[in-house]
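Beneath this line is the structure, given in structure tokens, with notes to follow.
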Amino acid sequence: MKSFSLFLKEILQYTAAIIGKALRGACKVNLPKSLYSHLYFKGKFTVPINNNFITIDHFGDTISNDIYYSGIFGNYEGHSLMLWNRMCLSLDESIVMDIGAYSGIYSLVAASANQKIEIHAFEPHPNTFKVLKNNIAVNPFENIFLNNFALSDTDGEILFYNSLGNAPSGFSAVNHRNINKNSTTKICNGKDALKILNTDLYGKRISLIKIDIERAELPLLSIMIDRIIHDRTIVLSEILDEEDFEHFDELFAKNGFYAVKINDQDHTIKILNSLKGTKREGFNIIFAPSEVDPKIFY
């Protein structure tokens, strides 16, 4: 049974969230993150983008909260999402892959930008997949295709780490040094990435990939690199560890791709022929084929 003090705290948090939601939604007041980070709520809201709206079902998570209070190009990877949206707007009929889709924000932005593309979203965690599926269902887009499995080097079950909470954002197939000591493991389905590329995704160009799989990006991109080179695919990848820059360089720079370092904090980019010797300024980096005009990123 809850204590009176805990019950009172929950009532105050709920009331504060209602007030914060009203200030942002009805009164258009821009609250600072230091304040709204305490004003979580649950429920659907819409956010404007591309002369339209996308609907997000807030389940009490940080990403939805950031987007509600600061906008789609705000405090949650705002500059990365703006560049992603810009690239999607420019695409011809092709395939876009959202690997590590989580709640589906990148997929929804892509679909709102361009109805000619097929967006294939991959999310292995069953509870997170339900969140993803629900977010797609409350929107009218018909060009998002959902996959409840991880892409891997073979078919079969995969042991994931950092399973903490209902929809863990740090869920990873890599047992890295930053795994939360209080988290558990979970087994999810995996499918052979090359087999998927040569069957389900065969016959159309893969124009754009976003990959955010918590330090498992490099192994998977290494498996997919021949198709990426063949299709001249632009890749937006999360890179959490600066020491991995050299390995990403070996994969992309030597194959005629340049790098675009994104700083989501100050909404700037740096275009580099090589990542070697550079410092990490943000978590996301775009790898673009040499023939892609860098002007698209400005």
Side-chain angles (χ1 to χ4, degrees), residues 56-66 76-77 80 96-108 119-137 144-197 199-201 206 209-225 227-228 235-244 247-248 251 280 283-285:
I56 297 171
D57 196 355
H58 194 328
F59 64 100
D61 61 303
T62 301
I63 294 174
S64 299
N65 218 49
D66 271 342
Y76 170 67
E77 299 191 4
S80 295
V96 170
M97 299 178 72
D98 183 1
I99 305 173
Y102 196 63
S103 59
I105 302 304
Y106 275 85
S107 289
L108 289 171
I119 301 122
H120 294 260
F122 300 86
E123 176 53 52
H125 193 288
N127 292 338
T128 307
F129 184 77
K130 290 178 183 178
V131 173
L132 168 64
K133 188 175 181 180
N134 188 53
N135 265 339
I136 304 308
I144 302 175
F145 302 90
L146 304 181
N147 302 278
N148 188 197
F149 56 82
L151 292 173
S152 184
D153 59 348
T154 186
D155 291 335
E157 295 181 332
I158 300 174
L159 180 65
F160 279 82
Y161 303 87
N162 238 15
S163 185
L164 188 67
N166 184 58
S169 59
F171 201 54
S172 176
V174 176
N175 189 10
H176 56 80
R177 63 178 180 267
N178 295 306
I179 295 294
N180 190 309
K181 64 181 181 180
N182 297 315
S183 66
T184 60
T185 59
K186 190 175 186 62
I187 293 175
C188 296
N189 292 327
K191 290 193 177 182
D192 188 327
L194 289 181
K195 189 182 295 183
I196 295 294
L197 292 178
T199 54
D200 298 11
L201 303 184
I206 300 173
I209 293 173
K210 167 252 167 183
I211 180 168
D212 179 354
I213 50 177
E214 304 300 316
R215 294 180 169 84
E217 293 86 3
L218 188 62
L220 182 55
L221 289 171
S222 297
I223 293 170
M224 300 173 63
I225 191 63
R227 179 67 177 270
I228 290 169
V235 177
L236 169 60
S237 178
E238 179 181 71
I239 305 178
L240 294 176
D241 300 313
E242 192 176 287
E243 58 264 32
D244 284 337
H247 302 300
F248 275 88
L251 193 64
R280 184 173 63 78
F283 295 132
N284 292 331
I285 293 182

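Because the structure is predicted, anything quoted here is derived from the model rather than measured. Basis for what follows: all heavy atoms, side chains included, without hydrogens, waters or symmetry-related copies.
- For the atom pair CG of D153 and CG of D155, the computed distance is 10.0 Å after rounding to the nearest 0.5 Å.
- Residues forming a ring pair (Phe, Tyr, Trp, His ring centres under 6.0 Å) with F145 (at least two apart in sequence, or on another chain): H120.
- Proximity of L221 to F248: side-chain heavy atoms (C-beta onward) are separated by under 4.5 Å at one or more points.
- Nearest approach of L218 to H247, heavy atoms of both residues: CD2-CB, 3.4 Å.
- From M97, atom CE reaches atom CG of L201 across 5.5 Å, with rounding to the nearest 0.5 Å.
- Counted by atom type alone, E214 and N162 present zero donor-acceptor pairs between their side chains at under 3.5 Å.
- Looking at every heavy atom in both residues, D98 comes nearest to S107 through OD2-OG, 2.7 Å.
- Side-chain contact check for I223 versus L194: some heavy-atom pair is nearer than 4.5 Å.
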Report the C-alpha separation of K210 and S80 in whole Å, then their side-chain angles, then the decisive distance to 0.1 Å, and conclude whether the side chain to side chain contact (heavy atoms under 4.5 Å, CB included) test is met. CA-CA 10 Å; K210 167 252 167 183; S80 295; over 6 Å; no
Would Y102 and I63 satisfy side chain to side chain contact (heavy atoms under 4.5 Å, CB included), going step by step from the backbone distance to the final call? CA-CA 10 Å; Y102 196 63; I63 294 174; 3.6 Å; yes
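- Screening R280, R177, R215 for a salt bridge (charged side-chain N to carboxylate O under 4.0 Å, His left out) with E243, the sole residue that qualifies is R177.
- Annotation: the span from N127 atom CG to L132 atom CG amounts to 12.5 Å, rounded to 0.5 Å.
- Counting heavy atoms from C-beta on, the side chains of D57 and V131 never come closer than 4.5 Å.
- Scanning all heavy atoms of the two residues, the minimum distance from P124 to C188 falls at O-SG, 3.6 Å.
- A 4.5 Å side-chain heavy-atom check between F59 and N134 finds every atom pair outside the cut-off.
- Two residues are said to be in side-chain contact when any heavy atoms from C-beta on lie closer than 4.5 Å; N189 and N148 fail this criterion.
- Side-chain contact between I209 and M224: present, with at least one pair of heavy atoms (C-beta onward) separated by less than 4.5 Å.
- Of all heavy-atom pairs spanning S183 and I179, the tightest one is OG-CG2, 3.7 Å.
- Between H125 and F171, the ring planes lie perpendicular to each other; the angle is over 60°, past the 30° to 60° tilted range.
- The CD1 atom of I158 sits 10.5 Å away from the CD1 atom of I187 when rounded to the nearest 0.5 Å.
- To the nearest 0.5 Å, atom OH of residue Y161 and atom OG1 of residue T184 are 12.0 Å apart.
- A distance of 12.5 Å separates CD1 of I105 from CG of D212, quoted to the nearest 0.5 Å.
- P126 places a side-chain heavy atom less than 4.5 Å from the side chain of K186.
- Between S152 and L220, the shortest heavy-atom contact is N-CD1, 4.4 Å.
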Evaluate I285 against E217 for side chain to side chain contact (heavy atoms under 4.5 Å, CB included), listing each step before the verdict. CA-CA 12 Å; I285 293 182; E217 293 86 3; over 6 Å; no
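- The local environment of CZ in F149 is crowded, with over 12 non-hydrogen atoms from other residues, nucleotides or ligands closer than 6.0 Å.
- What you find for S64 and I56 is that their closest heavy atoms are OG-CG2, 3.7 Å.
- Atom CD of E242 sits in a crowded spot, with more than 12 heavy atoms from other residues, nucleotides or ligands closer than 6.0 Å.
- Contact of the I196 side chain with the N147 side chain is not registered, since no non-hydrogen atoms from C-beta on lie closer than 4.5 Å.
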